[in-house]
2 protein chains.
Amino acid sequence: MKKSSPTIRDVAAAAGVSVATVSKYMNGAQRFSAPVEARLKAAIEALGYRSNPLARSMITGKTRTIGLTVLDISNPHFTNIVKGANRVALQHDYTLLLVDTEENQARERPLIEALALRVDGLIVSSRMPDEASDWMLELNKPVVLLRRSPHLQIPSVGIDNHLATYMLARHLVNQGHRRVAYLGFGQARVNDERIRGARECLAEADLTLDVYDAHAPTAQAGERACSSVMLGPSRPDAVICYNDLIALGFMKEAASLGFGLPQDVSVTGIDNVPYGEYASPALTTVDIQSEKMGELAMQKLIEALAGKRESGYATFEPRLIVRESTIRRD
Amino acid sequence: MKKSSPTIRDVAAAAGVSVATVSKYMNGAQRFSAPVEARLKAAIEALGYRSNPLARSMITGKTRTIGLTVLDISNPHFTNIVKGANRVALQHDYTLLLVDTEENQARERPLIEALALRVDGLIVSSRMPDEASDWMLELNKPVVLLRRSPHLQIPSVGIDNHLATYMLARHLVNQGHRRVAYLGFGQARVNDERIRGARECLAEADLTLDVYDAHAPTAQAGERACSSVMLGPSRPDAVICYNDLIALGFMKEAASLGFGLPQDVSVTGIDNVPYGEYASPALTTVDIQSEKMGELAMQKLIEALAGKRESGYATFEPRLIVRESTIRRD
DNA sequence: TTGAAAGCGCTAACAT
DNA sequence: ATGTTAGCGCTTTCAA
């Protein structure tokens, strides 16, 4: 059933040349005399020879593989990152070794360390704080982080979280909202930045921010958290959610609690996942260009692999997308 | 910056033993005398040695990597497959080499052939017809197909597409619908099966099925196709869409064309993607258990890798999920 | 329990 | 333009 594949030696023998010649031919390294080339072509064809990438990698030290870790592939934000990264990788003849850490912090480091041994470079999304990320430098492989870490020695791509929530808060204040709540996800590294962004904007209007926590960055968690926000002692007239999934869950539950959306409460998310547009009311959010983030991260990594100087951190401009889930309140 | 990692020889030297001993120690292959074990442990710790999986794979012929190709990682159906497959893979200490073929048929075969050289086995989602899938047998690697292919020599996991649309049509007929349309995706291998399932059910009630095509399995395509379905000469009172994404797009556009949902038209999808639940009206659909499909495919593959006899094809029971996008019509 | 030695399939000098 | 040869880092007989 499983006859083992032909090796370079089989081809060399069949074509009556040396293995070195076969190797050079496979790599297009030089030109050959017509008869040799013909025999080579024939032998390779006849044997169905394909060179073994493992053996090649052993010598060259390159695998043409990029490791990519995400916190949860089910989250469209990460899905889009993978999409973008995969596209650029394929263009450059790289393949993705994907690991979904499933929001399990304890597994992150060992998984990444194991991954590092099998790839040329890594793109990492992690909940580890910057201060605890030094070990990544010792992987001896180029790494690009999916976050904004300007002070780290590791290149990164991310967004300005402070600005994202600032923009949302500004939009809500401009629309006449006075009681704004933030439904966050405390485990995320960026949660505090997002709180500060909203708070700063509200403070300028002499308003304060009530902070709640959703315990997970998912729609289900948004559903569960809804009642304590909406049925608690200080009901908000607008809610900024940590991400679109939480917002989507929140809206669904708010509706089934009998609240009118967006009349009774405006809701916003962050990420601009594809399905916010198809919810109703369509979700107001901040586009953080997840797919482009994936593309850029991969581009930076491939540049690093090509020997270019590492390029520090890059951010995308968050862009407010106003849809129907936020409304003027007078 | 990039000092190359220590090899097994460095460890052997540092510990004053042979490389064979180090190898056996790393693989936990046997027991060692206390002093040797202590020196081994110390040397490995001191040097930060990690064995090179590439070199290991060269000899063992195993990479502990599974290749997974999907048509479009952005489609939650495939995202969930990846999720399930990744989970099972990690449990068994395998890693996923992911390729998103981006619905590009021409690339499928070369990408899969290249992938096959780097992995122990493959899980493949492909638009290739069964008749043109024989070359996969010659990859000399276990393959599991993500589709229902009972007549192929390759194990597969999929769903009963005929039954899925039959169930949807039955549900609609039971609700009193008389003019049912199908908004399909002609490029999909399973589109015809789905048409037949719906048609068969309708025929039993002396009804016929109008068939339209969305040109892509995406929400955007559903939006674009909506007007020709709803504003054409034979307006349906119910639409079965090829998948949830098309249905979501269709509903959005129908609403903005001024139709009331679900009063003016009932809509269904297939897949039960997570966001159908958060649309409004929440989408009636058929659950095909994408995540479980990914898990099962990986389980079957890992069993095949462990030498078990290949296990043919498996199907999940489609399960009707009635939500708010379909309504009784009298 | 430990070690010596022969490769896995290939590339990369270095000849010729 | 083609061939010879020495490994890449590791596992695996086989012997001690």
Side-chain angles (χ1 to χ4, degrees), chain A residues 2-44 47-65 114 116-120 140-141, chain B residues 2-44 47-65 114 116-120 140-141:
Chain A
K2 234 178 237 196
K3 51 200 161 195
S4 63
S5 333
T7 76
I8 198 171
R9 254 180 279 271
D10 299 326
V11 176
V17 298
S18 75
V19 294
T21 304
V22 182
S23 171
K24 285 164 193 155
Y25 178 78
M26 293 301 291
N27 295 306
Q30 50 169 68
R31 310 183 38 158
F32 301 85
S33 67
V36 167
E37 178 156 359
R39 270 147 52 207
L40 241 20
K41 198 175 279 181
I44 289 168
L47 295 171
Y49 171 72
R50 319 214 63 185
S51 93
N52 179 332
L54 244 55
R56 178 172 218 285
S57 293
M58 276 233 34
I59 295 175
T60 62
K62 267 80 191 67
T63 61
R64 299 215 73 85
T65 302
L117 300 170
R118 325 185 81 256
V119 300
D120 293 345
N140 285 330
K141 299 269 164 98
Chain B
K2 232 180 243 197
K3 52 201 156 192
S4 62
S5 332
T7 77
I8 198 172
R9 253 181 280 271
D10 299 326
V11 176
V17 298
S18 75
V19 293
T21 304
V22 182
S23 171
K24 285 163 194 157
Y25 178 77
M26 292 302 291
N27 295 306
Q30 50 171 67
R31 310 184 38 156
F32 301 85
S33 67
V36 167
E37 178 156 358
R39 271 147 51 208
L40 242 17
K41 198 175 278 182
I44 288 167
L47 295 170
Y49 171 72
R50 320 214 62 187
S51 91
N52 179 333
L54 245 54
R56 177 171 218 288
S57 294
M58 274 231 36
I59 295 174
T60 62
K62 267 78 191 71
T63 61
R64 298 213 76 83
T65 302
L117 301 169
R118 326 186 82 259
V119 300
D120 293 346
N140 286 329
K141 299 270 164 97

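Naming: A, B, ... by sequence-line order, numbering from 1 per chain. These values consider heavy atoms only, across backbone and side chains, with no hydrogens, waters or symmetry-generated copies. A quick note: this is a predicted structure, and the numbers were derived from the prediction, not measured.
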Kindly say if A:Arg56 contacts the phosphate of C:dC10, meaning a side-chain N or O under 4.0 Å from OP1 or OP2. no
Of the listed nucleotides (C:dT2, D:dT12, C:dC8), which one gets closest to any side-chain atom of B:Phe32? C:dT2
When the nearest nucleotide of DNA chain C is assigned to B:Glu37 and to A:Leu54 on a heavy-atom basis, which residue is associated with the more 5' position? B:Glu37
Test item: A:Leu40 and A:Val17 side chains (from C-beta on) under 4.5 Å apart, heavy atoms: yes
Are B:Ser33 and C:dT2 close enough that a side-chain N or O sits under 4.0 Å from OP1 or OP2? yes
Grab the CD1-C1' distance between A:Ile8 and C:dC8 for me, whole Å please. 13 Å
Indicate, with a heavy-atom threshold strictly under 4.0 Å, whether A:Arg9 touches base, sugar-phosphate, or nothing. base
Can you identify which nucleotide, out of D:dG9, C:dT11, D:dT2, has its nearest atom closest to the B:Thr7 side chain? D:dG9
Look at the side chain of B:Asn52 and the backbone N and O of B:Leu54, then say whether any donor-acceptor pair between them is shorter than 3.5 Å. yes
For D:dC8, take OP1 and OP2 only and decide whether either is under 4.0 Å from a side-chain N or O of B:Asn52. no
Among D:dT11, D:dC8, C:dA13, find the nucleotide with the atom closest to the side chain of B:Asn27. D:dT11
Would you mind telling me which of C:dG3, C:dT11, D:dT11 lies closest to the side-chain atoms of B:Ile59? D:dT11
Of the listed nucleotides (D:dC10, D:dT2, D:dA1), which one gets closest to any side-chain atom of A:Arg31? D:dA1
Identify whether any heavy atom of B:Tyr25 sits under 4.0 Å from a base atom; if not, whether one sits that close to sugar-phosphate; answer base, sugar-phosphate or nothing. nothing
Which nucleotide, C:dG3, D:dT11, D:dG3, lies nearest any side-chain atom of B:Thr60? D:dT11
Taking the side chain from A:Arg56 and the backbone from A:Ser51, do they hold a donor-acceptor pair closer than 3.5 Å? no
Nearest whole angstrom, please: distance from the C1' of C:dT1 to the CG of B:Leu40. 12 Å
Any donor-acceptor pair under 3.5 Å from B:Arg118 side chain to A:Thr63 backbone: yes
Using a cut-off of 4.0 Å on non-hydrogen atoms, how would the nucleic acid contact of B:Ser23 be classed: base, sugar-phosphate, or nothing? base
So, does A:Thr21 get its side chain near the phosphate of D:dT2, meaning an N or O under 4.0 Å from OP1 or OP2? no
When you match B:Pro35 and A:Pro6 each to their closest nucleotide on DNA chain C, which lands nearer the 5' end? B:Pro35
Atom-to-atom span, CE of A:Met58 to P of D:dT11 - whole angstrom: 11 Å
Quick one: label B:Ser51 by what it contacts on the DNA or RNA (base, sugar-phosphate, nothing), any heavy atom closer than 4.0 Å. sugar-phosphate
Contact class for A:Val22 (heavy atom, under 4.0 Å): base, sugar-phosphate, or nothing? nothing
Measuring only between side-chain heavy atoms, which start at C-beta, is A:Asp10 closer than 4.5 Å to A:Tyr49? no
